[in-house]
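By convention here, the first residue in the shown sequence is residue 1. Note that these values count all heavy atoms, side chains included, but never hydrogens, waters or copies made by symmetry.
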Amino acid sequence: MSPDEPPHPTATANAGASTPRPADTPRSLAEALRSREDDALAGLLHARPDLLNPVPTDLTQLATRAGTRASVVRALERLDRFAQQVAQTLAVAPEPTTYDEVLGLLAGDDGDPDVAEALPRALGTLHEQALVWGPDDRLRLVRTARELLAPGPQHPSPTGLGPTVAEATAGMSPTRLQAIVAAAGLPTTHDPVSAVESLTALFTDRARMSALLDEAPAESVEVLSRLVWGPPYGQVTADPARHLRWLLDRGLLLPTAPGTVVLPREAALHLRAGRAHRAPEPVPPPVVAAREHRPQVVDATAAGQAYTALATVEELLKEWDEGGPAVLRAGGLSVRDLKRTAVALDLPEPVAAFWVELAYAAGLVASDGEADERYAATPAYDEWQELPAPERWAALATAWLSATRTAGLIGGRDGKDRTLSALGPHLDRSAAPEVRRRVLALLAGLPEGAEPDADSLLARLRWERPSPAAQDLRSRIAGWTLNEAELLGVTGRGALSRHGRALLADDGDPARHGQGLPADDTVTARHGRGLAADDTATARARGAAAARLLAPLLPQPLDHVLLQADLTAVAPGPLERPLAEALAVLADVESKGGATVYRFTPGSVRRALDAGQSASDLHAFLAAHSRTPVPQPLAYLIDDVARRHGHLRIGAASAYVRCDDEALLNEILADKRSQGLRLRRLAPTVLAAQADPGTLLEGLRSMGFAPAAESPEGDVLITRAHAHRTPPRSAPEPVPDGPPLPDDTLVAAAVRAIRAGDLASTAPRKEVHETPSGSLPRTTSAETLATMQAAVMTGEAVWIGYVNAEGAASQRVIAPVRVEGGFVTAYDHTADEVRTFALHRITGVAELADDE
């Protein structure tokens, strides 16, 4: 029997159970699934992919799996609020119930056109996901869902309703029941069952119930009004007051435990005017616009943010170019290193944490895996740098959309009271990609340039996924999404940009979709599950479309700067990469913004000379890339530093200083600041030091000299920054939200296999002696061989029991083609293909029954 096969009619006492069942009405969920078309079965498997692992052998097993507690809980949590309200209503309705009864419980006595319009969609969703089965005149909620949603003392119903009269009076003495019936003005009956039916009929009769309540004391009515919307339970003393005694005598309050009473469901529904829910929500709350901006302003603002995003990520990775912070023993970035990174980027720590996590999600940063483990840029960063700016932005945006790592959690604590650190474990939240996409989809439903009201957006998300366990996290992720989208340049001034819309378009072409996803798009899931992460090809296509739209909005890289007499250079926009890298060596960044200001100092010029440039090279470089003449002070600075650069030579003795100018060495020895270097003269032109060459270099530079390091052969050492890279690393894989979404090919194959297995399990067959009903057939080896050979000659199909090499038993319908060498070659109707079966693994064989 299927888990959802209804009990025997004698065990059902509620209304409608005695209605004759039409011959074609399914008796179980398995039969209801069996009557579905293949497309409907595919829709079920798409909506509830957990049913596919492993693929059920037949429809009975599929129905059993669809009724398990874990699967039902998962399916209920992913319903929108009205679909959940419909399921909750079915849980308090008689079983089976009718469409009209469900409509009445949701809309109440006065009716509600919005409920009437939305109910078919909600019931259709429940039918599609196999949470409800049966025709409109015999609707049944799957048993597990009914157990989860039905009212009970330990788990109150979201409707606020209590048990029925029959449930609340179970175990009550017949004498007490008859007393209640008499006090309610009803004729006494001969048995408890008829007494319960009489009292139920009174409470469900609007006219008679109104007349009874008209006689109630005002205090009694006040008590009922406090219980009517739930919770329906109350406390009474051993000697209740008169107004409570009036309610107890007439069954309007029924005892459930010593000192505890409950308002029966039928009485509560009368007081509620027939409504199971106080406030049905058939229509999703709209997302309203808080402000509207011109679309051109939105796009320009978003493009400016996108440019800043690229510059920030580049600056971060340049900061870690020679090896970043150390990896904590437990994984992640220390609080001190995060603070240091935030200071270097001139950003608040939460914002710096977001950029660090984004670079990690995009595969640009990873651990180097060395013994002294540190974070560093990956080889993918070098490839990313070579891409045009719009494509670099698209790579960041698509990585952000699909990442399950949630930067907003950094600094908080997990369930074990451990601090969550940047780049550390425990930051993955499987709901993050779906929430991000849904937030952007709701923004796309607004007119172009409209900034959403955050409260209305959160209310919409709560309606679409009302599960209390998920609401808080989803709301927080939605708030972080709005901030991160603005930082990244997906939105501008809070409104979705055109290139942001392209990230959501089904085929990467936003023009085809006009304003994007419709505002009334209440289907928050692909086949009922959620807007899941795209496959690689789709994400790449959408990213390319977004990059094409962003490209005209980004400033073009410049090949020049403006040199000024105060030893600064102004870059009026982004510079071409070779120019920017060369200028970063020759000068220090003084300020950033729309225009970047570089300052030339003796130290920065010396840095360029240390990198192997000569004074003439620097003069030529500045003359070639400046739209203004090279100022005389800058030319003098370069010549002055170059004249002194390398005059002193530092080598290893421990370390030594050599110089052709004895007077200069005398000056160094006489300087009190050199005492810490412990210098002594070895020759007129050579000083020795006990400090290492690096310390000696820094010490003399701090004294105002410009020494150069030299090799053992006496050549000047050219010092360039050595970029540290990790071995090839792939970007972190998003943590899936449950089983992965199956593709159409897998679902189609699964449907075929389930159909074939169901055909094998339900095919009529002749009785096999001494074989219990429902078990595998048992025949001797000789009987099996003879039946197989006969089936080959007649071309008929047979039913076999088969045990595979792993010991798993199954039943199959096969059409034998050849029997030889201990094997049977046959067309397997169960698998829909030709297979070979070992005779010794066939437990038995039976002929199929003749069709009538």
Side-chain angles (χ1 to χ4, degrees), residues 3-4 26 29-30 32-56 59-88 90 118-134 139-145 148-149 284 430-431 433-435 437-438 441 463-467 470 474 506 517 521-535 736-755:
D4 286 287
L29 177 58
L33 294 178
R34 196 166 284 122
S35 64
R36 288 191 180 191
E37 299 291 336
D38 285 354
D39 289 345
L41 281 181
L44 169 62
L45 298 178
H46 274 298
R48 298 174 64 179
D50 55 298
L51 304 180
L52 265 178
N53 189 20
V55 175
L59 288 169
T60 300
Q61 189 178 99
L62 176 63
T64 302
R65 196 176 296 172
T68 58
R69 183 182 180 88
S71 183
V72 170
V73 167
R74 180 178 177 82
L76 289 174
E77 287 180 345
R78 280 158 175 73
L79 297 174
D80 62 47
R81 179 161 292 160
F82 186 61
Q84 283 192 2
Q85 288 181 331
V86 174
Q88 294 157 5
L90 284 163
L119 183 56
R121 177 193 63 80
L123 267 177
T125 299
L126 296 176
H127 268 294
E128 178 192 6
Q129 299 195 24
L131 296 171
V132 169
W133 57 277
L139 293 171
R140 293 182 184 273
L141 192 65
V142 294
R143 182 177 301 175
T144 307
L148 290 167
L149 300 176
S430 57
E434 178 204 339
V435 176
R437 290 182 176 280
R438 189 55 189 152
W463 184 91
E464 293 177 348
R465 190 65 65 81
S467 172
R474 291 172 62 84
D506 287 344
L517 297 178
D521 178 28
T522 60
V523 183
T524 63
R526 200 178 284 159
H527 302 292
R529 270 203 71 232
L531 292 168
D534 303 310
D535 57 58
D737 183 16
L741 275 176
D743 57 28
D744 293 339
T745 303
L746 174 60
V747 169
V751 169
R752 286 197 303 270
I754 293 171
R755 288 286 193 201

Checklist entry - Do we see a donor-acceptor contact under 3.5 Å between the side chains of S71 and R48? => result yes
Checklist entry - Given L33 and L62, is the side chain to side chain contact (heavy atoms under 4.5 Å, CB included) satisfied, shown in steps? => result CA-CA 9 Å; L33 294 178; L62 176 63; 4.1 Å; yes
Using 0.5 Å steps for rounding, measure from the [atom1] atom of [X] to the [atom2] atom of [Y].
| X | Y | atom1 | atom2 | value |
| --- | --- | --- | --- | --- |
| W133 | L139 | CH2 | CG | 10.5 Å |
| I754 | Q61 | CD1 | CD | 8.5 Å |
| L90 | R140 | CG | CZ | 12.0 Å |
| R755 | R34 | CZ | CZ | 9.0 Å |
| L131 | T125 | CG | OG1 | 10.0 Å |
| L79 | R74 | CG | CZ | 12.0 Å |

Checklist entry - Does the side chain to side chain contact (heavy atoms under 4.5 Å, CB included) test come out yes or no for H46 and D744, once each step is laid out? => result CA-CA 8 Å; H46 274 298; D744 293 339; 3.1 Å; yes
Compare all side-chain heavy atoms of [X] with those of [Y] and state whether any distance is below 4.5 angstrom.
| X | Y | result |
| --- | --- | --- |
| L76 | V73 | no |
| V86 | V132 | no |
| V751 | E37 | no |
| V72 | L148 | yes |

Checklist entry - Do NZ/NE/NH1/NH2 and the carboxylate oxygens of E434 and R465 come within less than 4.0 Å? => result yes
What are the two closest heavy atoms between [X] and [Y], and how far apart are they?
| X | Y | answer |
| --- | --- | --- |
| L29 | A66 | CD2-CB, 4.4 Å |
| A83 | A122 | CA-CB, 4.1 Å |
| A32 | P26 | N-CB, 3.7 Å |
| A750 | L45 | CB-CD1, 4.2 Å |

Item to check | Chi angles and distances behind the side chain to side chain contact (heavy atoms under 4.5 Å, CB included) call for R81, E464 | outcome: CA-CA 6 Å; R81 179 161 292 160; E464 293 177 348; over 6 Å; no
Next on the checklist: Would the distance check show the side chain of Q129 and the main-chain N or O of L44 forming a donor-acceptor pair, the cut-off being under 3.5 Å?
Outcome noted: no
Next on the checklist: Can a donor-acceptor pair be found, under 3.5 Å and without considering hydrogens, that links the side chain of T144 to the backbone of G67?
Outcome noted: yes
Checklist entry - Would R121 and D80 satisfy side chain to side chain contact (heavy atoms under 4.5 Å, CB included), going step by step from the backbone distance to the final call? => result CA-CA 11 Å; R121 177 193 63 80; D80 62 47; 3.1 Å; yes
